[in-house]
Undergrad: 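Handing you this structure, nothing more for now.
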Amino acid sequence: MGGSVSCCISPGESPKIHRREVELEECPITTAEDVSEDTGTYLQHISDRELPDELAQETNPSDNPRASTLFLNKSQTDVREKRKSNYLNHTSPGLLTKKYSSCSTIYIDDSTVSQPNLKSTIKCVALAIYYHIKNRDSNRSVDIFDEKKYPLSREKIPDDYSVVDPEHKLIYRFIRTLFSSAQLTAECAIVTLVYLERLLTYAEMDICPCNWKRIVLGAILLASKVWDDQAVWNVDYCQILKEMTVEDMNEMERHFLELLQFNINVPASVYAKYYFDLRSLADDNNLSFPLEPLSNKRAQKLEYTSSILDFPRDVADGRRPKCLRRQLDRPTTSESNESCDVS
């Protein structure tokens with residue numbers, strides 16, 4: 001994957017190889033009871049090696065739609081403290097800025113699970129990463145993601161780069177720059193967060209001040225290739241980050257894939273869980289998604305969509321509007337401009 005000189009061959013210093021060697025050393029030695037005269041060495045069935053549902057749900061929230069996302073759990077501590085502080089100090093919530101529908105104007109949310117709002121989604125993803133860094137358990141990392149050893153820019157890295165947590169605005173600007181330059185979509189931002197949390201779970205590492213930029217870059221790089229049909233090449237990202245080379249980016253991508261155990265599949269249920277958990281995170285931190293007045297064109301589109309759901313294909317044709325009957329069965333150009341009358 002990636003630009004020129006890109007492959008998926010593991011380098012000699014890959015941390016995945018070291019982990020695999022440790023796992024092999026911990027495996028039990030095959031005894032005579034495991035050997036069969038007909039089949040030779042007994043091979044355990046894959047279903048016997050899989051984790052139970054309860055344990056998989058606990059350790060791999062980016063794979064299981066029933067498990068709670070890591071970023072939402074890490075944000076709850078700050079949310080509870082904020083609410084407790086407002087209650088004890090009798091802090092007023094301030095002026096209400098949320099728009100409400102009335103008889104004359106109806107406001108609708110421009111962000112949906114299939115078409116999220118780009119700016120709001122990036123803000124929520126940046127906030128999720130911010131809570132990951134702020135409420136991390138330790139500073140476990142991998143050298144390939146260390147910004148001191150592999151800088152992203154020509155700017156001098158401060159001495160306290162590994163102890164000072166980045167602000168939410170700094171994380172947001174970094175992600176927004178990449179998404180704007182590469183013209184990525186909001187769906188790609190959600191998949192980026194899925195890969196990031198999957199990396200932290202699989203590799204048993206933490207995202208901290210010294211590695212967050214390269215981890216986020218690796219997740220964006222991989223998510224853009226998996227999600228978009230015409231993905232941005234690695235060499236194009238080097239035009240955004242002048243200090244990085246194609247070889248460095250290819251190496252980071254290979255390590256990222258290895259640490260993910262090449263599991264890049266994101267089920268629709270997991271994607272939806274992350275979308276709605278990001279909305280919950282936005283509500284807890286007063287990050288409102290934009291509300292727009294319902295226009296005539298949007299109202300007609302919603303009415304048309306509702307009409308399709310109200311008239312399923314298994315009902316008689318006489319109970320469906322003629323325009324819907326033509327569009328659902330045999331749509332043609334000449335019939336698309338005819339009026340919609342019910343027969």
Side-chain angles (χ1 to χ4, degrees), residues 15 69-86 119-182 189 192-223 237-238 240-245 248-249 251-253 255-256 259 277-278 281-282 284-287:
T69 52
L70 297 179
F71 70 86
L72 197 61
N73 290 333
K74 290 183 177 295
S75 67
Q76 292 307 306
T77 302
D78 290 36
V79 171
R80 287 192 293 266
E81 292 179 355
K82 186 184 300 182
R83 291 175 178 173
K84 182 179 180 180
S85 176
N86 292 339
K119 184 177 180 180
S120 300
T121 303
I122 294 179
K123 281 186 177 181
C124 292
V125 170
L127 187 62
I129 297 173
Y130 166 79
Y131 279 119
H132 262 295
I133 300 174
K134 181 180 179 182
N135 299 325
R136 63 188 183 277
D137 298 327
S138 60
N139 292 315
R140 299 170 298 177
S141 184
V142 179
D143 289 343
I144 191 64
F145 299 118
D146 196 326
E147 190 179 352
K148 186 74 171 181
K149 298 179 180 179
Y150 302 92
L152 298 179
S153 63
R154 294 186 177 93
E155 298 179 0
K156 182 180 179 181
I157 299 178
D159 297 333
D160 58 350
Y161 82 106
S162 60
V163 294
V164 178
D165 295 344
E167 295 292 336
H168 172 232
K169 293 182 179 179
L170 178 62
I171 302 175
Y172 169 71
R173 285 197 297 266
F174 179 77
I175 301 177
R176 183 190 62 184
T177 301
L178 293 176
F179 269 71
S180 177
S181 303
T192 296
L193 186 58
V194 175
Y195 288 158
L196 188 147
E197 292 203 341
R198 188 172 293 174
L199 174 73
L200 302 182
T201 304
Y202 283 18
E204 298 180 355
M205 57 182 296
D206 301 279
I207 182 169
C208 43
C210 66
N211 64 10
W212 72 269
K213 285 186 178 181
R214 290 180 64 87
I215 289 180
V216 171
L217 175 61
I220 292 176
L221 185 70
L222 190 59
Y237 284 98
C238 294
I240 306 173
L241 304 169
K242 303 294 184 180
E243 191 66 18
M244 288 199 70
T245 62
D248 178 21
M249 195 164 294
E251 186 75 6
M252 182 179 65
E253 183 182 2
H255 277 79
F256 206 107
L259 293 173
D277 281 2
L278 284 173
L281 182 69
D284 293 337
N285 292 270
N286 299 324
L287 290 178

Undergrad: Quick check for you: to the nearest 0.5 Å, what is the distance between His132 atom NE2 and Leu70 atom CG?
TA: 5.0 Å
Undergrad: Does Thr69 form a side-chain contact (heavy atoms from CB on, under 4.5 Å) with Leu193? I'd like the steps, not just the answer.
TA: CA-CA 10 Å; Thr69 52; Leu193 186 58; over 6 Å; no
Undergrad: Check whether more than 12 heavy atoms from other residues, nucleotides or ligands sit under 6.0 Å from atom NZ of Lys119, and answer yes or no.
TA: no
Undergrad: Does any part of the side chain of Phe179, heavy atoms only, come nearer than 4.5 Å to the side chain of Val125, both counted from C-beta?
TA: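 Of all side-chain heavy-atom pairs linking Phe179 with Val125, none is under 4.5 Å.
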Undergrad: Side chains of residues 211-220: which donor-acceptor partners sit under 3.5 Å, not counting sequence neighbours?
TA:
unit_1	atom_1	unit_2	atom_2	d
Asn211	OD1	Cys208	N	2.7
Asn211	ND2	Ser141	OG	2.9
Asn211	ND2	Asp206	O	3.1
Arg214	NE	Ile144	O	2.7
Arg214	NH1	Tyr150	O	3.1
Arg214	NH1	Asp248	OD2	3.3
Arg214	NH2	Ile144	O	3.0
Arg214	NH2	Asp248	OD1	3.0

Undergrad: Could you tell me whether the side chain of Leu127 reaches within less than 4.5 Å of the side chain of Lys123, counting heavy atoms only?
TA: no
Undergrad: Measure the shortest side-chain to side-chain distance between Asp165 and Arg136 over non-hydrogen atoms and say whether it is less than 4.5 angstrom.
TA: yes
Undergrad: Nearest 0.5 Å, please: how far is CG in Leu199 from CD in Glu197?
TA: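 Spacing of CD (Glu197) from CG (Leu199) equals 10.5 Å.
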Undergrad: Roughly how far apart are Thr121 OG1 and Leu278 CG, rounded to 0.5 Å?
TA: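 Thr121 atom OG1 to Leu278 atom CG measures 7.0 Å (nearest 0.5 Å).
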Undergrad: With side-chain contact (heavy atoms from CB on, under 4.5 Å) as the test, would you mind laying out the steps for Val142 and Met252 before giving the verdict?
TA: CA-CA 11 Å; Val142 179; Met252 182 179 65; over 6 Å; no
Undergrad: Just checking Glu167: does its CD atom have more than 12 heavy atoms from other residues, nucleotides or ligands closer to it than 6.0 angstrom?
TA: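 No, CD of Glu167 has 12 or fewer neighbouring heavy atoms, counting only those of other groups under 6.0 Å.
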Undergrad: Between atom CD1 of Ile207 and atom CG of Asn139, what is the distance when rounded to the nearest 0.5 Å?
TA: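 Going from CD1 on Ile207 over to CG on Asn139, the span is 12.0 Å.
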Undergrad: Would a 4.5 Å heavy-atom cut-off, applied to side chains only, mark Ile129 and Phe174 as touching?
TA: no
Undergrad: Between Ala223 and Tyr195, which heavy-atom pair has the shortest distance, and what is it?
TA: CA-CE1, 3.7 Å
Undergrad: Under a 3.5 Å threshold, yes or no: a donor from one side chain and an acceptor from the other, between Asn285 and Tyr130?
TA: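 No, no side-chain donor-acceptor pair sits under 3.5 Å.
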Undergrad: Rounded to the nearest 0.5 Å, what's the gap from CG on Leu178 to CZ on Arg173? Could you check?
TA: 13.5 Å
Undergrad: Search all heavy atoms of Ser75 against all heavy atoms of Tyr131 and return the closest pair with its distance.
TA: CB-CD1, 3.5 Å
Undergrad: Calculate, to the nearest 0.5 Å, the distance between atoms CG and CG belonging to Leu200 and Asp137 respectively.
TA: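 CG of Asp137 is found 10.5 Å from CG of Leu200.
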Undergrad: Please give me the minimum heavy-atom distance between Leu259 and Tyr202, naming the atom from each residue.
TA: O-CB, 3.3 Å
Undergrad: Under a 3.5 Å distance rule, please check whether Ser181 uses its side chain to pair with a backbone N or O of Thr177 as donor and acceptor.
TA: yes
Undergrad: Report yes if the side chains of Lys148 and Cys210 come closer than 4.5 Å at any heavy-atom pair, otherwise no.
TA: no
Undergrad: Counting C-beta onward and ignoring hydrogens, is there a side-chain heavy-atom pair between Ile133 and Pro209 closer than 4.5 Å?
TA: yes
Undergrad: In sequence, state the C-alpha distance, the side-chain angles, and the governing distance for Met244 and Leu152, and then conclude on side-chain contact (heavy atoms from CB on, under 4.5 Å).
TA: CA-CA 6 Å; Met244 288 199 70; Leu152 298 179; 3.2 Å; yes
